[in-house]
Each structure stands twice: as structure tokens, then as C-alpha cells.
There are 2 protein chains.
Amino acid sequence: MALSREKILDTAFTLLTQYGLADLSMRRLASELEVAPGALYYHVKNKQELLTHLASRMLAPIEFPQDASTAAALTSAADQVYRQLAGIRESAEVVRLAVALHPERLELLSALTITCHKAQVPQLAAKTLLHSMLSFIEEEQTRATSTGTEAATQPPASYCDAISAVARGFLAA
Amino acid sequence: MALSREKILDTAFTLLTQYGLADLSMRRLASELEVAPGALYYHVKNKQELLTHLASRMLAPIEFPQDASTAAALTSAADQVYRQLAGIRESAEVVRLAVALHPERLELLSALTITCHKAQVPQLAAKTLLHSMLSFIEEEQTRATSTGTEAATQPPASYCDAISAVARGFLAA
DNA sequence: ACCTGAACACCGTTCAAGT
DNA sequence: ACCTGAACACCGTTCAAGT
């Protein structure tokens with residue numbers, strides 16, 4: 001079976017979840033795929049782009065409710081982001097990298113920005129909200145690993161409270 | 001003049017501001033100081049700790065008003081964080097690393113947490129607020145570099161608006 | 001106590017050459 | 001078109017040995 005971007009991303013994802021971001025190197029990825037390191041660069045521009053693709057993948061299943069009220073849409077998005085990312089190791093870091101590097105390539109962020117725009121809320125609220133979700137998720141993950149427990153698969157009440165607090169702040173502005 | 005942790009941090013800071021985080025390697029730092037790479041490890045545990053110290057340094061000048069109202073204290077903190085970090089390349093990343101690694105060693109965060117506690121605001125509000133500031137500052141810096149201009153030394157109105165929106169969200173909870 | 005030399009086990013990326 | 005081999009220019013960290 002020949003190499004492909006999809007196959008590379010599959011393996012990258014496995015490597016991330018099983019060994020963590022520090023072990024997700026181009027060389028390690030290549031050896032896992034049993035190809036020479038240089039082969040990867042025929043399918044991916046560089047490591048940063050690979051991580052951006054990975055972030056898009058992690059957020060891809062999220063469905064953004066286009067018809068709901070602004071508050072409801074944001075709540076739903078926050079809920080889905082949590083469910084999608086909480087179980088994936090270092091997911092927050094990976095998404096943060098993608099936001100910093102290629103925000104326009106993240107569908108979720110585009111949808112969030114449109115919603116903010118429609119609701120007359122400052123557009124940067126979208127990024128601020130996403131960043132708030134990411135820091136909370138990261139926090140919950142480190143808490144979970146330090147206590148030896150698993151991160152809650154459902155968003156904890158404190159997460160929902162925090163995010164809706166941030167959203168409320170913008171909506172009231 | 002002998003090597004010392006302070007001297008290492010001075011040079012690390014210069015390297016960061018002049019060449020960026022990617023060029024701030026232990027080896028580069030050592031060569032800049034004209035010592036062998038291994039010498040650094042007599043003064044600093046490892047690179048992560050060095051970066052944590054650097055973050056503490058960047059936030060050290062910030063004075064947290066202990067007697068002011070909660071809203072005023074947060075506004076003042078947000079203002080000072082912006083002024084302190086906006087001019088320093090990749091400062092947000094460095095601080096973020098420190099928050100994730102050793103939050104208890106950051107005086108600012110401790111002060112913020114105490115204020116939140118006193119005001120009956122959820123304690124994680126402190127981190128959420130700091131993260132919001134960081135993402136905004138990072139955003140302003142990338143905007144500045146992409147347009148070829150300098151990042152505003154004073155916090156823009158949109159920054160103050162965004163942070164106070166987040167704070168308001170928590171205070172109203 | 002403080003530092004060097006040298007090693008260990010890695011990186012990301014490029015590119016001529018092969019199939 | 002797709003991949004290998006080999007190189008280039010690096011990393012962080014450790015540790016016996018020297019002063």
C-alpha cells in the first residue's frame with residue numbers, strides 16, 4: 001500500500017495519542033510508516049503543515065448550528081469542542097498551533113467568526129472563546145494525568161460556566 | 001566574569017528578543033556565552049526551567065493593586081500585562097509554557113487567583129483571563145509583523161474591551 | 001565548585017539519483 | 001510520480017575528567 005497524505009495523518013494521529021506530541025517527529029513518523037524521512041515531504045510541505053492538518057481533523061466532526069440563537073450556538077460549539085478534544089492527548093497545543101499559523105483553514109473558527117459577526121459581537125471574540133476552551137481543556141487534561149484519573153468525556157459544569165461567562169461578557173458589551 | 005543563572009537569563013532574553021524563540025537553544029545560548037553547552041546545566045535544571053524563569057522575569061515588574069476593587073484590579077493587571085509583553089517577541093508562548101508547567105511559580109497568577117477567590121469568582125477565572133490576554137497579545141503581535149508595523153505599546157481599545165468582557169462574564173456569574 | 005570534552009540519541013529538511 | 005540514500009546543519013542532556 002502506497003504512501004499518501006491520509007495514511008501519514010492516520011499514523012501521526014496514532015503517534016500523538018499513544019506517545020504524545022514530543023514523540024511525533026517526522027523521523028519517527030517515517031520509521032513507523034517504514035519509509036525514508038524524505039518521503040514524507042512529497043506529501044506534506046513540512047511539519048507545521050502536518051500539525052495544521054491534524055488540528056483540522058480533530059475539529060472536523062464538529063457541527064455548527066447555523067440557525068440557533070447566538071448564545072445557544074456558542075454553547076453547543078463549546079460542548080462539542082470539549083467532547084472532541086478532551087480525550088486526545090495534547091490536542092489543545094496542536095489546535096493552538098493551527099490557530100496561530102493558519103486560522104483561515106479551521107472551519108470551526110470561520111463558523112465561530114461568522115456567528116460573532118452576525119451577532120454584532122467583536123470578531124476577535126471567536127478566537128478568544130476558542131482559546132478559552134483550549135486552556136480549560138488543557139487544564140482538565142493535566143489535572144486528570146496528575147491525579148491519575150481520566151479526563152471527563154463530558155464537559156464539566158465549571159467548563160460550561162467559564163465559557164458561557166466569556167460569551168456573556170461579549171454579548172453584553 | 002563567571003557564569004551565573006542571572007547572566008544566562010540575560011543572554012537568553014537578548015537571544016529571544018533579537019532572534020526569536022526558535023533560535024533560543026541551549027547550544028546557541030552556550031556559544032553566545034562562550035562556554036560549553038554542558039556548563040549551563042550547572043546553573044539551570046533544563047531548558048523548560050530556563051523558559052519558566054524567563055517568563056517570571058517578563059512578568060516581574062507588574063504590580064498588582066491589592067486594595068482596589070476587583071474590576072479595577074483586573075483592568076490594571078490586563079493593562080500592565082499588555083505593556084510588559086507586547087514589545088517582547090514570542091512572550092505569549094513563553095508565558096503560556098510557564099503557566100502550563102509551573103503555574104505556582106508565577107507571582108502574577110497567584111495574585112490574580114487570590115483576587116478571584118476574594119471576589120467569589122471561580123478560581124480558574126484567573127487562568128482563563130491570563131490566557132485571554134496572551135492570545136490577544138499574540139494576535140496583535142502577528143498582526144503587527146504581518147503588516148510590517150510595530151505592535152502598539154499601549155493596549156488597544158479592543159484589547160481592553162475583550163478582557164473586560166471576559167472579566168464581566170465571570171463577575172456576573 | 002565550576003567547567004570542558006566528548007559522547008549519546010536524537011531532530012527537520014533538502015536533493016541528486018534511482019525506479 | 002514517488003521514493004531512497006545520504007548528507008547538512010542542527011538539537012537537549014549527561015557525565016567522567018580536569019582545574
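Order of the sequence lines fixes the chain letters, A, B, ..., with proteins taken first and strands second; residue numbering starts at 1 for each chain. Small disclaimer: the values here were computed from a predicted structure and weren't measured.
- We find that B:Arg28 and B:Glu32 are joined by a salt bridge, their nearest charged nitrogen and carboxylate oxygen being less than 4.0 Å apart.
- As a whole-Å value, the separation of B:Asn46 CG from D:dC11 C1' is 14 Å.
- OP1 and OP2 of C:dC3 both lie 4.0 Å or more from every side-chain N or O belonging to B:Tyr42.
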Fill in the dot-bracket string of DNA chain D, one character per base: . for unpaired, | for a pair to another strand, ( ) or [ ] for pairs within the strand, taking Watson-Crick or G-U pairs under 3.5 Å.
||.|||||...|||||.||
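- In the set C:dT13, C:dC2, D:dG12, the nucleotide with an atom closest to the side chain of B:Met26 is D:dG12.
- Separating the CG atom of A:Asp23 from the P atom of C:dG12 is a distance of 11 Å, rounded to the nearest angstrom.
- If you take OH of B:Tyr19 and P of D:dC11, they are 14 Å apart, rounded to a whole angstrom.
- The distance between atom NZ of B:Lys45 and atom P of D:dT13, rounded to the nearest whole Å, is 10 Å.
- Taking side-chain N and O atoms only, A:His43 has a distance below 4.0 Å to OP1 or OP2 of D:dC3.
- The closest donor-acceptor contact from the side chain of B:Thr149 to the backbone of B:Thr145 lies at 3.5 Å or more, if one exists at all.
- Comparing B:Ser4 and A:Arg27, the nucleotide of DNA chain C nearest to each residue sits closer to the 5' end for B:Ser4.
- Around the CD atom of B:Gln120, the shell of radius 6.0 Å holds no more than 12 heavy atoms that belong to other residues, nucleotides or ligands.
- Listed nucleotides: C:dT13, C:dC3, D:dA1. Nearest to the side chain of A:Pro37: C:dT13.
- Distance CG (A:Leu24) to C1' (C:dG12): 13 Å, rounded to an integer number of Å.
- Within a 6.0 Å radius of CD in A:Glu49, more than 12 heavy atoms belonging to other residues, nucleotides or ligands are found.
- If you run side chain to side chain contact (heavy atoms under 4.5 Å, CB included) between B:Leu29 and each of B:Thr14, B:Leu9, B:Leu40, only B:Leu40 comes through.
- Closest to the side chain of B:Ser25, from the set C:dG5, D:dG12, D:dC3, is D:dG12.
- For A:Ala36, the side-chain atoms get nearest to D:dT4 when compared with the rest of D:dT4, C:dG12, C:dC3.
- The two residues B:Leu85 and B:Ser91 make their nearest non-hydrogen contact at O-OG, 2.9 Å.
- Per the geometry, CG belonging to B:Leu40 stands 13 Å off C1' belonging to C:dC2, to the nearest Å.
- Between the C1' atom of D:dC2 and the CD atom of A:Glu34 lies a distance of 17 Å, rounded to the nearest Å.
- For B:Lys47, whose side chain is taken as the heavy atoms from C-beta onward, the closest listed nucleotide among C:dT13, D:dG12, C:dT4 is D:dG12.
- Annotation: D:dC2 and C:dA16 have their C1' atoms spaced 15 Å apart (nearest Å).
- When each of A:Met133, A:Glu90, A:Arg96 is checked for a side chain to side chain contact (heavy atoms under 4.5 Å, CB included) with A:Glu138, only A:Arg96 meets the rule.
- Atom OH in B:Tyr41 sits about 15 Å away from atom P in C:dC3, given to the nearest Å.
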